[in-house]
Undergrad: 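Take a look at the following structure, please.
Keep in mind that the numbers below use all heavy atoms, side chains included, and drop hydrogens, waters and symmetry copies. Start at 1 with the first residue, then count along the sequence.
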Amino acid sequence: MKQTIWWRWFPRTDLAVQRFCQGICSFHFAFSEKEFRSMSGREVDHGGPEAGRLTSPTGVVLAYEVEGRGPPLILVHGSFSNHHSNWALITPKLVQQFTVFSLARRGRGGTDATRNHSLLDEAHDLGALIEAINDKVFLIGHSYGAQVALAATGLYRANIRKLVLYEPPKPESVPPKILRELERISRKGDWALLAETFFRKVLMVPPRELEELRQSVSWSTIVGDACASLHDLIALTSHDSSADHFGSLDIPVLLQVGSESPRDMFATDLLARVLPDVRIEELKGQGHEGMNTAPDYYARSLLDFLRL
C-alpha cells in the first residue's frame, strides 16, 4: 500500500496556508512502507553503500555511509530526518559522478548521541570526516545541516571545493517560548507530542495535514528522531550565525531556496549579501524538501553548479 509522506517547513501567512490546503504548497511524495523503511534505515540493502566509522578528536564516534566513484562529496542532513531519508532519492543520481559520503549527525545511525553540544561541535564532527577523506570535498547541507556545513566551511575552508546550502534556518526561527515548551515535553519523554507541537506551532502545519502525517509510515521515524532534533533546535537557537563571519569565504557557494518557502525563516538572503562568490537559485514550485518532492529537478540544480 502507498501512503503519503508530508514534508516540512511550510509558509506561515494566511495566503500561504490557503495555497497549502489547495495543494500548491502541500508537497507530498508517496512511498510504499517497504520503500520508506529502507530509506529510513530500518532495512538495509546489502548491495548498497559501505558503512564507515571514525572517532572525532573529542572522542565522539561518527558513522557515515559511502558509495560511488569520483571526487568526494559530503551530504549533511537536517532535523526530523537522517542520513538516509534526507537524501535517498538523489543519492543514486550523485554516485554516478561522485564518491558520496552521507554523514549521520549526532544521535542518528551509529553516531553517538550527546547532550548540550553546540552547532560548532557538530561542525567539528563534520571537519573530522573532511580531514579523514584527505582530499578537497564538495559539501552539501540541508536545513540545520546547512548551518553545520556553513560553520564547518568557515573552519576547514582549505578542504572545501564548493558549498551548497539549502535553506539554513535562522536561530530565531524557533521562538524561545516554543523551545521552552518543547523542552518541558521532552522531560516527560513524550516524543510524539514534541514532534506534533513542533510541526503545529513552528511549521504551522494545518490540522488536517498534520493528522495525515501522523497516520503515515514516516511518523514513526519522525518521532524516533525527535530527541536528536530537539538538541538540534537548542544548538541552533544558541548559535551565533551572523552572516558577517563569512564575508571572506573565497569559495563558490550555491544558495538554494524553494519558491514556496517562507524566506524570512532562513539565512539565505543575509548570506547572499556578504559572500563574495555566490549565486542563488530559486527552486520553482518547491518548499523546504525539494530533494524529495522533485528529485530530478533538485539534482539538475546541484549538478549544474558542481560541474562549473
Undergrad: Check the orientation of His288 and Phe266. Use parallel for under 30°, tilted for 30 to 60°, and perpendicular for over 60°.
TA: parallel
Undergrad: Verify, without hydrogens or angle tests, whether Thr55 (side chain) and Val60 (backbone) share a donor-acceptor contact under 3.5 angstrom.
TA: no
Undergrad: Kindly indicate, with the supporting measurements, whether the criterion side chain to side chain contact (heavy atoms under 4.5 Å, CB included) is fulfilled by Asn86 and Leu75.
TA: CA-CA 9 Å; Asn86 209 138; Leu75 300 172; over 6 Å; no
Undergrad: Same cluster or not: Ile140 versus Leu155, using hydrophobic residues (I, L, V, M, F, W, Y) connected whenever any side-chain heavy atoms lie under 4.5 Å apart?
TA: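 No.
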Undergrad: To check you understand the geometry: which heavy-atom pair defines the closest contact between Ser85 and Asn292, and what is its length?
TA: O-OD1, 3.6 Å
Undergrad: Taking atom types as modelled, find out whether Thr293 and Gln286 have a side-chain donor-acceptor pair closer than 3.5 angstrom.
TA: yes
Undergrad: Tell me whether the rings of Phe101 and Tyr64 are parallel (<30°), tilted (30 to 60°) or perpendicular (>60°).
TA: tilted
Undergrad: Where is the tightest heavy-atom contact between Ala146 and Leu165, given as atom of each residue plus distance?
TA: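 Residues Ala146 and Leu165, closest heavy atoms: O-CD2, 3.3 Å.
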Undergrad: Does the side chain of His231 pick up a donor-acceptor pair with the side chain of Asn116 at under 3.5 Å?
TA: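 No donor-acceptor contact under 3.5 Å links the two side chains.
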Undergrad: If you round to the nearest 0.5 Å, how far is CZ of Phe98 from NZ of Lys93?
TA: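 The CZ atom of Phe98 is 14.5 Å from NZ of Lys93, to the nearest 0.5 Å.
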Undergrad: Within the 4.5 Å heavy-atom criterion, are Ile90 and Leu302 side-chain neighbours or not?
TA: yes
Undergrad: Between Glu211 and Arg214, is there a side-chain N and carboxylate O pair less than 4.0 Å apart?
TA: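 Salt bridge: yes.
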Undergrad: Would Val174 and Trp191 show up in the same hydrophobic cluster when neighbours are defined by side-chain heavy atoms closer than 4.5 Å?
TA: yes
Undergrad: May I ask you to decide if Ser229's main-chain N or O and Ser79's side chain share a donor-acceptor pair within less than 3.5 Å?
TA: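 No; zero donor-acceptor contacts below 3.5 Å.
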Undergrad: Supply the atom-to-atom distance Leu129 CG to Ser102 OG, rounded to the nearest 0.5 angstrom.
TA: 10.0 Å
Undergrad: Any side-chain heavy atom of Ile251 sitting closer than 4.5 Å to one from Asp277?
TA: no
Undergrad: For His245 and Ser242, which I'm curious about, is there any donor-acceptor pair between the side chains at under 3.5 Å?
TA: no
Undergrad: Let me see the working for Thr114 and His117 under side chain to side chain contact (heavy atoms under 4.5 Å, CB included), right down to the final yes or no.
TA: CA-CA 7 Å; Thr114 62; His117 58 264; 2.7 Å; yes
Undergrad: Report yes or no: does Asp112 contribute a side-chain atom to a donor-acceptor pair with the main-chain N or O of Val61 at less than 3.5 Å?
TA: yes
Undergrad: Output yes when a side-chain donor or acceptor of Asp225 lies under 3.5 Å from a complementary backbone atom of Phe80, and no otherwise.
TA: yes
Undergrad: Decide, yes or no, whether a salt bridge links Lys201 with Glu196 under the criterion of side-chain N to carboxylate O below 4.0 Å.
TA: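 No, this pair does not count.
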Undergrad: Following the transitive rule for hydrophobic clusters with a side-chain heavy-atom cut-off under 4.5 Å over Ile, Leu, Val, Met, Phe, Trp and Tyr, establish whether Leu139 and Leu120 coincide in one cluster.
TA: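 They do not share one cluster, since no chain of ILVMFWY contacts under 4.5 Å joins Leu139 to Leu120.
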Undergrad: Could you walk me through whether Thr197 and Leu193 pass the side chain to side chain contact (heavy atoms under 4.5 Å, CB included) test, one step at a time?
TA: CA-CA 6 Å; Thr197 302; Leu193 179 60; 3.8 Å; yes
Undergrad: Dump the intermediate steps for salt bridge (Lys or Arg N to Asp or Glu O under 4.0 Å) on Arg105 and Asp125, then the final yes or no.
TA: CA-CA 8 Å; Arg105 293 194 297 98; Asp125 292 347; over 6 Å; no
Undergrad: Would you call Arg106-Asp232 a salt bridge at under 4.0 Å N-O?
TA: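 Answer for the salt bridge query: no.
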Undergrad: Okay, side chain of Thr111, backbone of Gly107: is any donor-acceptor separation there less than 3.5 Å?
TA: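 Pair absent, no side-chain N/O of Thr111 close to backbone of Gly107.
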Undergrad: Does a side chain donor of either Tyr156 or His124 reach within less than 3.5 Å of an acceptor in the other side chain?
TA: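 Yes, a side-chain donor-acceptor pair sits under 3.5 Å.
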Undergrad: Take Val257 and Arg263 through the test side chain to side chain contact (heavy atoms under 4.5 Å, CB included) and record every step on the way to the result.
TA: CA-CA 8 Å; Val257 60; Arg263 281 177 76 145; 3.6 Å; yes
Undergrad: To the nearest 0.5 Å, what is the distance between OG1 on Thr99 and CD1 on Ile133?
TA: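 Result: 9.0 Å between the selected atoms.
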Undergrad: I'd like to know if the side chain of Glu281 and the backbone of Leu255 have a donor-acceptor N/O pair within less than 3.5 Å.
TA: no
Undergrad: Minimum heavy-atom separation for Phe246 to Leu271, with atom names?
TA: CD1-CD2, 4.2 Å
Undergrad: Quick check against the 3.5 Å criterion: does Tyr297 have a side-chain atom that pairs as donor or acceptor with the backbone of Lys284?
TA: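 Answer holds: yes.
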Undergrad: What's the separation between atom CG in Asn159 and atom CD1 in Ile130, rounded to the nearest 0.5 Å?
TA: 6.5 Å
Undergrad: With the threshold set at 4.0 Å, does a side-chain nitrogen-carboxylate oxygen contact exist between Lys170 and Asp269?
TA: no
Undergrad: Among the clusters formed by ILVMFWY side chains lying less than 4.5 Å apart, do Leu103 and Val66 turn up in the same one?
TA: yes
Undergrad: Could you check whether Gln256 and Ser301, counting side-chain N and O atoms only, form a donor-acceptor pair closer than 3.5 Å?
TA: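 The criterion, which ignores hydrogens and geometry beyond distance, is satisfied for Gln256 and Ser301.
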Undergrad: Where do Leu210 and Arg200 come nearest, in terms of heavy atoms and distance?
TA: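 So the two residues come closest at CD2-CB, 4.0 Å.
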Undergrad: Looking only at atom types and distance, does a side-chain atom of Arg161 sit under 3.5 Å from a main-chain N or O of Lys136, one as donor and one as acceptor?
TA: yes
Undergrad: Backbone N or O of Pro92 within a donor-acceptor pair of the Gln96 side chain at under 3.5 Å?
TA: yes
Undergrad: So Ser261 and Glu167, side-chain hydrogen bond (donor to acceptor under 3.5 Å, both in side chains) or not? Walk me through it.
TA: CA-CA 9 Å; Ser261 290; Glu167 297 185 340; 2.7 Å; yes
Undergrad: Tell me the closest heavy-atom pair linking Thr268 and Pro168, and the distance in Å.
TA: OG1-CD, 4.1 Å
Undergrad: Does CZ in Arg53 sit with more than 12 non-hydrogen atoms of other residues, nucleotides or ligands closer than 6.0 Å?
TA: no
Undergrad: Is the Trp87 ring parallel, tilted or perpendicular to the His142 ring (thresholds 30°, 60°)?
TA: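 Taking His142 first and then Trp87, their aromatic rings stand perpendicular (interplane angle over 60°).
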Undergrad: Kindly give the heavy-atom pair with the smallest separation between Leu62 and Ser56, and that separation in Å.
TA: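 Looking at all heavy atoms of both residues, the shortest contact is CD1-CB, 4.2 Å.
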